Number of protein chains: 2
Amino acid sequence: MSLNSADLEKKIRDARLRPTRQRLALAELLYAHGNRHVTAERLHSEVMETGVSVSLATIYNNLHQFTSAGLLREVVVDSSRSYFDTNVTPHHHFFHEQTGALEDIPKGALSVQNIPSLPEGTEISSVDVIVRVTTPRR
Amino acid sequence: MSLNSADLEKKIRDARLRPTRQRLALAELLYAHGNRHVTAERLHSEVMETGVSVSLATIYNNLHQFTSAGLLREVVVDSSRSYFDTNVTPHHHFFHEQTGALEDIPKGALSVQNIPSLPEGTEISSVDVIVRVTTPRR
DNA sequence: GTATATTTTATAATAATTCAAATATGCAAT
DNA sequence: ATTGCATATTTGAATTATTATAAAATATAC
Ligand SMILES: [Mn+2]
Ligand SMILES: [Mn+2]
Ligand SMILES: [Zn+2]
Ligand SMILES: [Zn+2]
């Protein structure tokens, strides 16, 4: 559940990526302490706070490289921002529309049934369920 | 299923909006011939092709005004672009990842079951299912 | 018709993301 | 170990989609 420096470096090397200073700092934030959902902007502020200077362009490059390597998945919930998820196993999400918080819906709980026949000549890439929630003002 | 000019004008007036030349041209494209899914850019090119000049700012203004009035809903499927849907009844979507095409999954067909208990203090705003499809390269 | 409110639009601003030039890394040859 | 070199990586600058501003144009109410 918790990865140390050596584990992180192996994870990066196994993805055929170089363990640069920037990449290691990002991997530490993403993977050292359990699953998370992050935006590029959030990850950028966090890494800057640790004292490692990383440009926002590098954040995006790495988020996408990690995604291509299967180390992250992108979750589309908000048209103005991309979220990346360190949990790459199939699962769904709660999305809090006011706070922007994403929360996993554990696999097995929720189920999607009776998907009708797909558009001609296509195959399923993924099925994404977003349960949008709000805190009612009382 | 198919609205004429008078219907369109009524629809606009009922939403407390003025039936301007631009707004009528947009409503015609959106509502005169059945349900559709459009991006701002697509709607802009279409309206320009009809010979009615409408600025992109006006397209965005109207898409949002229509959405606030409940005449459109926004569908979040692609983090780089907003889609607007003239079908405001609850339903789900197929999204073709290569072409960007959105297609309705008729209400009643697909069902979502066993949504686990919501995060503390929240209520459901909507449940959105996106079935992402691709055309496999053969 | 005139007053008032709404709408449009040119232009500027913003935020997320991508591009391309500059730099760092890994590896092979010495 | 050091050097040379191809390739990967980083980052400042550019691009894109979208939103804000604010002045001119238009629609409605009287
Ligand atoms: Mn730590
Ligand atoms: Mn027509
Ligand atoms: Zn998740
Ligand atoms: Zn739809």
Side-chain angles (χ1 to χ4, degrees), chain A residues 8-30 37-48 50-69 71-72 74-84 100 102, chain B residues 5 8-30 37-48 50-69 71-72 74-84 100:
Chain A
L8 292 173
E9 180 164 341
K10 179 167 193 316
K11 193 174 177 99
I12 288 170
R13 288 211 132 93
D14 287 352
R16 311 279 152 117
L17 295 169
R18 294 172 182 183
T20 62
R21 189 172 46 83
Q22 293 89 337
R23 197 167 272 149
L24 284 166
L26 297 179
E28 158 79 20
L29 289 169
L30 291 170
H37 303 98
V38 294
T39 61
E41 198 54 65
R42 186 105 214 339
L43 189 58
H44 187 236
S45 357
E46 288 185 13
V47 77
M48 294 304 273
T50 70
V52 181
S53 167
V54 183
S55 75
L56 204 43
T58 297
I59 302 284
Y60 279 103
N61 286 342
N62 278 282
L63 287 173
H64 289 135
Q65 286 159 339
F66 285 2
T67 301
S68 298
L71 267 42
L72 285 178
E74 198 170 345
V75 183
V76 181
V77 280
D78 178 340
S79 55
S80 71
R81 222 189 290 287
S82 295
Y83 285 77
F84 292 85
L102 263 183
Chain B
S5 294
L8 293 172
E9 180 165 342
K10 176 164 195 321
K11 193 172 176 106
I12 289 170
R13 288 210 133 94
D14 288 351
R16 310 279 151 113
L17 295 169
R18 293 174 180 183
T20 62
R21 193 170 42 85
Q22 294 87 339
R23 199 167 269 148
L24 283 165
L26 297 179
E28 157 81 20
L29 289 169
L30 291 170
H37 304 96
V38 293
T39 61
E41 200 53 65
R42 186 104 210 348
L43 190 58
H44 187 236
S45 358
E46 287 185 14
V47 76
M48 295 304 272
T50 69
V52 180
S53 166
V54 182
S55 76
L56 202 44
T58 296
I59 302 284
Y60 279 105
N61 286 343
N62 278 281
L63 286 173
H64 290 132
Q65 286 160 339
F66 285 2
T67 301
S68 299
L71 268 40
L72 285 177
E74 201 170 340
V75 183
V76 181
V77 280
D78 178 340
S79 54
S80 71
R81 220 188 294 285
S82 295
Y83 284 77
F84 292 85

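These numbers were taken from a predicted model, which means no experiment stands behind them. Letters A, B, ... mirror the listed sequences (proteins, then strands); counts begin at 1.
- Here A:Ser55 does not reach the OP1 or OP2 of D:dT10: none of its side-chain N or O atoms lies under 4.0 Å away.
- A sub-4.0 Å separation between OP1 or OP2 of C:dT8 and a side-chain N or O of B:Thr20 is present.
- Applying the 4.0 Å criterion to OP1 and OP2 of C:dA16, one finds that A:Ser82 has every side-chain N and O outside that range.
- Partners of B:Thr67 by side-chain contact (heavy atoms from CB on, under 4.5 Å), not counting sequence neighbours, listed by chain and number: B:Leu72, B:Phe84.
- Summarising the geometry, the separation between CG on A:Asn62 and C1' on C:dA24 is reported as 14 Å, rounded to the nearest angstrom.
- Across residues 10-19 of chain B, B:Leu17, B:Arg18 each have a non-hydrogen atom less than 4.0 Å from an atom of DNA chain C (numbered order).
- Nucleotide C:dT7 holds its P atom 15 Å from the CD1 atom of B:Ile59, rounded to whole Å.
- The side chain of A:Val54 has D:dT11 as its nearest neighbour among D:dT9, C:dT7, D:dT11.
- Looking at B:Arg23, its side chain does come within 3.5 Å of a backbone N or O of B:Arg18 through a donor-acceptor pair.
- Atom CZ in B:Arg21 sits roughly 8 Å away from atom P in D:dA27 (whole-Å rounding).
- Regarding contacts with the backbone of D:dT19, a side-chain N or O of B:His64 is found under 4.0 angstrom from either OP1 or OP2.
- When the P atom of C:dT17 is taken as reference, atom CG of A:Leu43 falls 13 Å away, rounded to whole Å.
- Rounded to whole Å, the distance from NE2 on B:His44 to C1' on D:dA17 is 14 Å.
- Relative to the side chain of A:Tyr60, the nucleotides D:dA20, C:dT8, C:dT17 differ in distance, and C:dT17 lies closest.
- For the pair A:Gln22 and D:dT11, the criterion of a side-chain N or O lying under 4.0 Å from OP1 or OP2 is met.
- Using a 4.0 Å heavy-atom cutoff across all strands shown, B:Glu41 reaches no nucleic acid atom at all.
- The shortest distance between the side-chain N/O atoms of B:Asn61 and the OP1/OP2 oxygens of D:dT18 is not below 4.0 Å.
- In this structure, A:His44 contributes its side chain and A:Val54 its backbone to a donor-acceptor pair below 3.5 Å.
- Within the 4.0 angstrom heavy-atom criterion, no nucleotide atom of any strand lies near A:Ser79.
- Using a 3.5 Å distance cut-off with no hydrogens or angles, the side chains of A:Thr58 and A:Gln22 do not pair a donor with an acceptor.
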